[in-house]
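These numbers come from the heavy atoms of this one structure, side chains and all, not from hydrogens, waters or symmetry mates.
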Amino acid sequence: MTIMGLGNRLSAVRSQAHLSQEEMAQRLEISRSAYQYYERGQRDLTGSLLLKIFQEFDVDPLWILEGDTEGGKSRRHEEVTQAYRKIGLAVEHRIGERGLSVTPEKKWDAIDFLFAEFLDSDAFSSTESAPNTQRIDSILGLVA
């Protein structure tokens, strides 16, 4: 089963890199004819080839496989946005729960710091994307 639009996305990556099909095939260490099958959507990418595209061109593998969602954003973008929102809501809730007086700038500093920690962690593999209340409290203690 071939993935709809995969060839178009592969072609877009190649065009963005200003490469011919031959040059793209060389970068991926495959034959030009094999590359043409992928770009025409007549063959699915192997896992190793997908990894090679990601490494060579810094392309989101989910975007290569799935394309854009209805809103024009990848699933990864949606996951990141949801995580940022959860962290923001958790910080807001904790400020209210503790009756803290925190300026908007400091609140956003705390949210941004916690979000940066989230991105640096392996949090996308877990179901919980909001930090625990102890971590929020320790960060709020630094900014309050």
Side-chain angles (χ1 to χ4, degrees), residues 1-21 23-30 34-144:
M1 175 182 95
T2 58
I3 299 170
M4 290 292 291
L6 180 120
N8 292 336
R9 291 185 293 279
L10 198 53
S11 176
V13 170
R14 180 177 60 79
S15 296
Q16 185 71 29
H18 306 292
L19 298 174
S20 67
Q21 286 184 340
E23 293 166 327
M24 183 73 160
Q26 287 173 356
R27 291 269 300 265
L28 297 177
E29 299 174 349
I30 59 175
Y35 176 78
Q36 288 173 329
Y37 278 112
Y38 293 121
E39 193 169 296
R40 286 192 305 253
Q42 295 174 327
R43 189 181 290 170
D44 283 336
L45 291 175
T46 63
S48 59
L49 190 55
L50 181 62
L51 180 61
K52 183 82 169 167
I53 293 167
F54 172 68
Q55 292 169 336
E56 287 287 318
F57 302 99
D58 194 28
V59 175
D60 181 356
L62 284 176
W63 176 78
I64 287 287
L65 291 174
E66 298 176 0
D68 293 333
T69 60
E70 281 184 33
K73 297 179 176 84
S74 70
R75 183 178 358 145
R76 168 94 171 154
H77 183 273
E78 290 177 11
E79 290 171 352
V80 167
T81 302
Q82 288 174 352
Y84 192 79
R85 183 174 187 275
K86 283 183 181 180
I87 291 168
L89 290 172
V91 169
E92 281 279 348
H93 179 74
R94 199 64 187 145
I95 289 171
E97 218 174 46
R98 293 189 53 211
L100 297 174
S101 176
V102 178
T103 66
E105 293 83 13
K106 295 295 184 181
K107 175 185 75 173
W108 287 110
D109 286 346
I111 292 168
D112 288 344
F113 183 85
L114 289 165
F115 185 67
E117 278 187 346
F118 169 80
L119 291 176
D120 288 341
S121 71
D122 194 20
F124 281 107
S125 62
S126 73
T127 56
E128 185 178 328
S129 57
N132 65 41
T133 55
Q134 289 178 330
R135 185 66 186 143
I136 293 172
D137 287 346
S138 67
I139 300 304
L140 288 174
L142 295 173
V143 299

#### Entry: Step-by-step side chain to side chain contact (heavy atoms under 4.5 Å, CB included) determination, Ile139 to Val91
CA-CA 10 Å; Ile139 300 304; Val91 169; over 6 Å; no
### Message
Using side chain to side chain contact (heavy atoms under 4.5 Å, CB included), reason through Arg135 and Glu117 one step at a time and then give a plain yes or no.
### Response
CA-CA 11 Å; Arg135 185 66 186 143; Glu117 278 187 346; 2.2 Å; yes
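Side-chain atoms of Gln16 and Phe57, non-hydrogen and from C-beta on, never get closer than 4.5 Å to each other. Residues Tyr38 and Leu28 fail the side-chain proximity criterion, which asks for heavy atoms closer than 4.5 Å. A heavy-atom distance below 4.5 Å is not found between the side chains of Val143 and Thr103.
By the 6.0 Å and 45° rule, Arg40 stacks over the aromatic ring of Tyr37.
Remark: Ser11 pairs with Arg14, Ser15, Glu39 by the side chain to side chain contact (heavy atoms under 4.5 Å, CB included) rule, at least two apart or across chains. The side chain to side chain donor-acceptor pair (under 3.5 Å) test applied to Arg85 returns no partner, not counting sequence neighbours. Qualifying salt bridge (charged side-chain N to carboxylate O under 4.0 Å, His left out) partners for Lys106, counting only residues two or more places apart in sequence or in other chains: none. Residues meeting the side chain to side chain contact (heavy atoms under 4.5 Å, CB included) test with Asn8, sequence neighbours left out: none.
The distance from the OH atom of Tyr35 to the CE atom of Met24 is 4.0 Å, given to the nearest 0.5 Å. Interatomic distance, Leu19 CG to Gln26 CD, rounded to the nearest 0.5 Å: 9.5 Å. Summarising the geometry, atom OG1 belonging to Thr81 is positioned 12.5 Å from atom NZ belonging to Lys86; distances are rounded to the nearest 0.5 Å. Expressed to the nearest 0.5 Å, how far OG1 of Thr133 lies from CD of Glu97 amounts to 7.5 Å.
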Donor-acceptor contacts under 3.5 Å from residues 45-55 side chains, at least two apart:
| unit_1 | atom_1 | unit_2 | atom_2 | d |
| --- | --- | --- | --- | --- |
| Thr46 | OG1 | Ser48 | OG | 3.3 |
| Thr46 | OG1 | Leu49 | N | 3.1 |

Sequence neighbours excluded and cut-off under 3.5 Å, please list the side-chain donor-acceptor pairs for residues 107-115, or say none.
| unit_1 | atom_1 | unit_2 | atom_2 | d |
| --- | --- | --- | --- | --- |
| Lys107 | NZ | Glu92 | OE2 | 2.3 |
| Asp112 | OD1 | Tyr84 | OH | 2.6 |

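Of the possible donor and acceptor atoms, none in the side chain of Arg94 sits under 3.5 Å from a partner among the backbone N and O of Ile136.
Shown here for Glu23 and His18, the closest heavy-atom pair between the two residues is OE1-O, 4.1 Å.
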